[in-house]
Each structure stands twice: as structure tokens, then as C-alpha cells.
Participant: 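After the C-alpha cells below, expect a handful of questions from me.
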Amino acid sequence: MDLTLMGSKIKSERKRLNLTLETLSEQVGISRNYLWEIEAGRKAPALNTLFNLGVTLNVSIDYLLGACAEKKSISSNSPVTERDLEIARIMKTLNGYEIKELSLISDVIHDFSRYFEQK
């Protein structure tokens with residue numbers, strides 16, 4: 001993975017949308033400095049961060065990764081549905097929780113799954 005290329009694409013898309021580092025980092029749920037390091041090609045984003053960047057910038061992850069030259073918007077990328085966007089919003093929320101809290105949330109989801117499987 002070419003971190004410099006990915007970082008420059010993220011920065012270019014951020015500027016295209018007239019977003020500041022602060023604004024984009026808040027929307028994605030990461031620190032301004034971490035976003036700056038991603039854009040500079042110094043750090044690779046976590047998978048959920050990359051997904052959130054794609055959703056927020058309205059471009060596909062394969063474009064950001066350099067896997068395709070064509071810039072595809074999320075809306076024209078067939079696998080992304082309203083459900084996927086809702087999952088991205090949930091991921092942003094969960095990003096702020098500690099592992100102990102995430103474990104409790106996971107247990108609740110598991111209990112709900114078992115309940116609905118019985119119906």
C-alpha cells in the first residue's frame with residue numbers, strides 16, 4: 001500500500017469539499033494530528049477509519065487505496081447501501097468506547113441475535 005498516494009488522495013478530496021483538517025477529523029472521529037499524519041503518508045489508517053474517510057469524502061475505498069484510477073462516489077458504488085451508511089455511523093459512535101464497553105455492547109448484540117433467531 002502506497003501511504004503517500006493514499007494520503008494525497010485523502011487531502012485532495014478534503015480540499016475539494018472545502019473541509020479543514022479539523023472538520024474532517026471531527027466527522028471521521030479521529031484527531032487532527034492523526035489525520036495530518038495520514039495525509040502526509042506517515043501513518044496508515046485503521047480499517048474503520050479508512051471506511052469512515054471514504055463515506056465522509058464520498059469516494060470508494062478502492063480509489064483511496066489506489067486499487068482503481070477512477071474516482072467512484074459512494075452513491076455510485078453498488079455495494080454501499082443505506083444500511084452500509086448506517087453501519088458507518090454506528091462505527092463512528094463505537095470508535096469512542098473502551099474495550100470493556102465494546103465487550104458489553106457485543107454481548108447485548110449477541111443476545112438480540114439469539115432472540116431474533118428463535119422467532
Side-chain angles (χ1 to χ4, degrees):
M1 171 178 10
D2 184 345
L3 295 180
T4 304
L5 176 63
M6 180 179 54
S8 68
K9 287 183 176 192
I10 292 168
K11 183 177 184 176
S12 174
E13 292 303 311
R14 175 178 61 79
K15 289 187 173 198
R16 178 184 63 80
L17 295 172
N18 295 318
L19 296 173
T20 64
L21 276 168
E22 291 81 8
T23 302
L24 181 58
S25 64
E26 286 174 10
Q27 290 179 359
V28 174
I30 59 176
S31 73
R32 179 197 175 282
N33 287 338
Y34 182 47
L35 178 58
W36 180 84
E37 289 185 299
I38 292 170
E39 287 187 353
R42 295 180 182 183
K43 290 202 174 174
L47 185 56
N48 64 330
T49 300
L50 184 61
F51 182 78
N52 289 338
L53 282 165
V55 169
T56 304
L57 296 171
N58 196 30
V59 295
S60 63
I61 294 172
D62 56 344
Y63 169 75
L64 293 178
L65 291 173
C68 73
E70 177 187 347
K71 179 170 55 173
K72 298 185 237 174
S73 70
I74 292 291
S75 58
S76 68
N77 193 1
S78 58
V80 177
T81 63
E82 188 61 36
R83 182 178 184 273
D84 295 322
L85 295 174
E86 183 60 28
I87 289 171
R89 286 188 284 272
I90 292 168
M91 292 290 289
K92 284 182 187 180
T93 302
L94 293 176
N95 211 21
Y97 290 108
E98 298 295 323
I99 192 71
K100 189 168 96 175
E101 296 161 324
L102 290 172
S103 180
L104 290 171
I105 292 168
S106 177
D107 290 345
V108 169
I109 292 170
H110 181 68
D111 289 344
F112 270 106
S113 296
R114 284 194 323 216
Y115 172 78
F116 287 111
E117 286 173 1
Q118 292 173 0
K119 284 193 155 201

Participant: With sequence neighbours excluded, what pairs up with Thr23 under the side chain to side chain donor-acceptor pair (under 3.5 Å) test?
Facilitator: Thr20

Participant: Which pair of heavy atoms, one from Leu35 and one from Leu53, lies closest together, and at what distance?
Facilitator: CD1-CD2, 4.2 Å

Participant: Over all heavy atoms of both residues, which pair between Leu64 and Lys9 is shortest? Give the atoms and the distance, please.
Facilitator: O-CD, 4.0 Å

Participant: Which residues pass the salt bridge (Lys or Arg N to Asp or Glu O under 4.0 Å) test with Asp111, not counting sequence neighbours?
Facilitator: Arg114

Participant: Quick one: side chain to side chain contact (heavy atoms under 4.5 Å, CB included) partners of Ile109, sequence neighbours excluded?
Facilitator: Ile105, Ser113

Participant: Can you sort out the partners of Thr56 under side chain to side chain donor-acceptor pair (under 3.5 Å), two or more places apart, ordered by chain and number?
Facilitator: Lys92

Participant: With sequence neighbours left out, which residue pairs that include part of residues 40-57 fulfil the salt bridge (Lys or Arg N to Asp or Glu O under 4.0 Å) condition?
Facilitator: Glu37-Lys43

Participant: Which heavy atom in Ala44 sits nearest to a heavy atom in Leu3, and how many Å separate them?
Facilitator: CB-CD2, 3.5 Å

Participant: Would you say Ser60 and Asp62 are linked by a side-chain donor-acceptor pair, where the criterion is simply a distance under 3.5 Å?
Facilitator: yes

Participant: Please round to the nearest 0.5 Å and tell me the distance separating atom CG of Asn58 and atom CG of Leu17.
Facilitator: 8.0 Å

Participant: Is there a side-chain contact between Ser25 and Trp36, using heavy atoms and a 4.5 Å cut-off?
Facilitator: no

Participant: Please list all pairs meeting salt bridge (Lys or Arg N to Asp or Glu O under 4.0 Å) that have one or both residues in residues 14-26, counting only residues at least two apart or in different chains.
Facilitator: Glu13-Arg16, Arg14-Glu39, Glu22-Arg32

Participant: Between Leu50 and Ile38, does a side-chain contact (heavy atoms from CB on, under 4.5 Å) hold up when you go through it step by step?
Facilitator: CA-CA 10 Å; Leu50 184 61; Ile38 292 170; over 6 Å; no

